[in-house]
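Structure record follows, encoded as structure tokens.
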Amino acid sequence: MARSGARRQRSLHQRTRPAIWLAQHLASARDALCRLLRTPLPTAMTIAVIGISLALPAALYVLTGNLRLMVSNWDETAAISLFLRQEVDDATAATLAERLRERPELEAVRLIGREQALREFRELGGFEGAFDQLEDNPLPALLAIYPRNTQPEDLERLSAALLELPEADFARMDSLWLQRLRAILALSQRAVFIFAALLGLGVLLIVGNTIRLEILNRRIDIEIMELVGATAAFVRRPFLYAGAWYGLLGGLGAWLLVTLLLSLLQGPVSRLAELYGASFRLAGLDALALLLVVGGSVLLGLTGSWIAVERHLRGAHPV
Amino acid sequence: MVEFERVFKRYPERGEALSDISLRIAPGELVFLTGHSGAGKSTLLRLIGLLERPSRGQIRIGGRDLASLKRGRIPYHRREVGMIFQDHRLLPDRSVFDNVALPLEVMGVGHKEIGRRVRAALDQVGLLARERATPVALSGGEQQRVGIARAVVARPPLVVADEPTGNLDPDLSREIFELFERFHYVGVTLIIATHDLGLVAKMPYRTLTLSEGRLVNDSGGW
């Protein structure tokens, strides 16, 4: 029988093996999708849960990404702004700047003289008329100090030293709060990863449980398929595809949610930026992040269903 | 085609279901397997389809020792054994056509070929007109014929049937047996478990009788 059986199989398999394999996969994928669509409400709910779970870390990722983008625009900010006394004129300020430039711990010193400050202030808008009424320039000269070393303690020390200068009035450490902001950003990025890991685990469990119920529902189908000679792979395939579909649709749902969220935030953010005389457009999920969200979601769905299939199809074989 | 050599099957919960069964069935034979319920008929057929493994002894189907068959090869073995059950074992949410197509689908047969073979099988059992129906819309006899069509659609050399007429009235039972006879004429080996002794007596075929797990009578053969 072995030989006649083999001949029989060959006559049935008129197509080549890869073609059969591909056709069976396509059929399984289509079949799994049709099954999901046959129960639209439960399917939609599962997809929504996956979508929301993944949208949360994705949105956080996008928002911290935007913040980082904003902060990187400020990289030129001087570490210390040293405001000079009102009576120090531009010429004295310039000599002071020259002197400071010779100090080895300083990378650069930029002088913004009183005249220049006034000009810039005028250009900033909103104050055109106000300054014309003043008899003399109320703005002090400013030295923007860029030290080599930007450790917070060093900055504190340097700023104290600079304030000792007779010409100095007060110093503002611009970069210090920028550093704090960066630290907070790093923290929130870490938080995004933790959230993503936890919620990813959640997605895994959701898909695993959904597939487990599906397997229990179709116990009889599975048994019958095995009776007529379905291989384990053939039986598993539709469930694995169902998991992948859940993942794909959930991932796209997450992307949709994030896009929606950003479009809701874009208006207020632009208004806020306008108030600071800047323009800022929120960046959406970039291609890589999109790939990560959707691809990761598919992978999570596949893994979840694989776990369910491994656990619950094992016991189905009588032998 | 089928050889049992000193086969035992013991279940932990209900003891010995088959003890010391030795038999040989030649290719192309039609054999009835009778005995009261619980005599071990179903167990014997389940061993042939590798739904279960024997506790002891050797079973050879088509010259192949089933004990040497690894788990992963079992599906391929089942493709060469058409199985028919008393409760039909049809998929309730699929059409008659899809039910019969299942063994071919599992084997990866192409669409066109499936269509041809399924219709041929349905034609043989007289259900060509009902291919779009779902099993629940069919009578018990029709459902059983769908089960038979499914068992033979891939043209397995061996077909086993477990009480195929258990729930049917005598007229329908005779029809089913005539159907089996037709497969017998084209060279299929058939083993049919039944307790319909009246029908068996009217047909000129070998009969194996089981009682309490033992083979107590063999009307003919080797």
Side-chain angles (χ1 to χ4, degrees), chain A residues 1-32 34-39 214 217-238 241 310 313-319, chain B residues 1-2 27 46-47 49-54 60-64 66 69-85 87-94 99-114 117 147 150-151 153-158 187 189:
Chain A
M1 184 175 99
R3 218 173 327 129
S4 77
R7 209 182 315 126
R8 191 181 310 275
Q9 296 226 339
R10 254 200 303 282
S11 69
L12 280 174
H13 293 172
Q14 282 170 341
R15 295 172 297 167
T16 58
R17 281 203 166 274
I20 291 166
W21 183 84
L22 188 68
Q24 283 194 336
H25 270 267
L26 285 175
S28 284
R30 201 191 46 219
D31 197 48
C34 288
R35 244 168 224 291
L36 293 192
L37 296 179
R38 228 177 288 161
T39 53
E214 181 71 10
N217 275 337
R218 295 180 56 197
R219 191 113 250 182
I220 296 170
D221 296 27
I222 293 168
E223 225 174 274
I224 292 172
M225 283 199 271
E226 286 179 342
L227 285 181
V228 300
T231 57
F234 186 90
V235 171
R236 277 158 199 225
R237 217 173 278 142
Y241 271 109
E310 273 296 301
L313 282 185
R314 287 260 146 164
H317 307 275
V319 179
Chain B
M1 184 50 132
V2 178
R46 290 173 70 82
L47 292 178
L50 258 182
L51 305 185
E52 282 174 82
R53 300 245 189 211
R60 300 169 74 82
I61 309 279
R64 192 195 292 135
L66 293 194
L69 219 55
K70 292 215 176 60
R71 190 194 169 102
R73 301 302 303 174
I74 291 173
Y76 301 95
H77 168 72
R78 289 194 188 147
R79 291 174 192 182
E80 299 192 351
V81 181
M83 283 184 272
I84 297 160
F85 304 89
D87 57 356
H88 327 310
R89 299 290 193 99
L90 301 177
L91 295 171
D93 61 342
R94 295 218 203 171
N99 265 288
V100 175
L102 200 60
L104 301 177
E105 240 175 68
V106 153
M107 292 164 77
V109 177
H111 260 293
K112 264 200 201 143
E113 181 74 7
I114 286 183
R117 284 179 168 248
R150 186 184 64 191
V153 73
R155 296 185 198 154
L158 174 64
T189 310

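Since this is a predicted model, take the numbers as computed values, not measurements. Residue numbering restarts at 1 for every chain, and letters A, B, ... go by the order of the sequence lines.
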Max heavy-atom pair count under 4.5 Å with chain B, selected residue of Asp221(A), Leu227(A), Ile220(A), Val235(A):
Leu227(A)
Is the shortest side-chain heavy-atom distance between Arg53(B) and Leu47(B) below 4.5 Å?
no
Under 4.5 Å heavy-atom distance to chain A, tell me which part of Asn99(B) shows up: side chain, backbone, both or neither.
neither
Test item: Arg94(B) side-chain N/O and Val100(B) main-chain N/O as donor-acceptor pair under 3.5 Å
no
Sort Arg150(B) into side chain, backbone, both or neither according to what part of it lies under 4.5 angstrom from a heavy atom of chain A.
side chain
Charged N to carboxylate O under 4.0 angstrom, Arg89(B) versus Asp87(B)?
yes
Charged N to carboxylate O under 4.0 angstrom, Arg219(A) versus Glu223(A)?
no
Residue Ile114(B) versus chain A: region with a heavy atom under 4.5 Å
neither
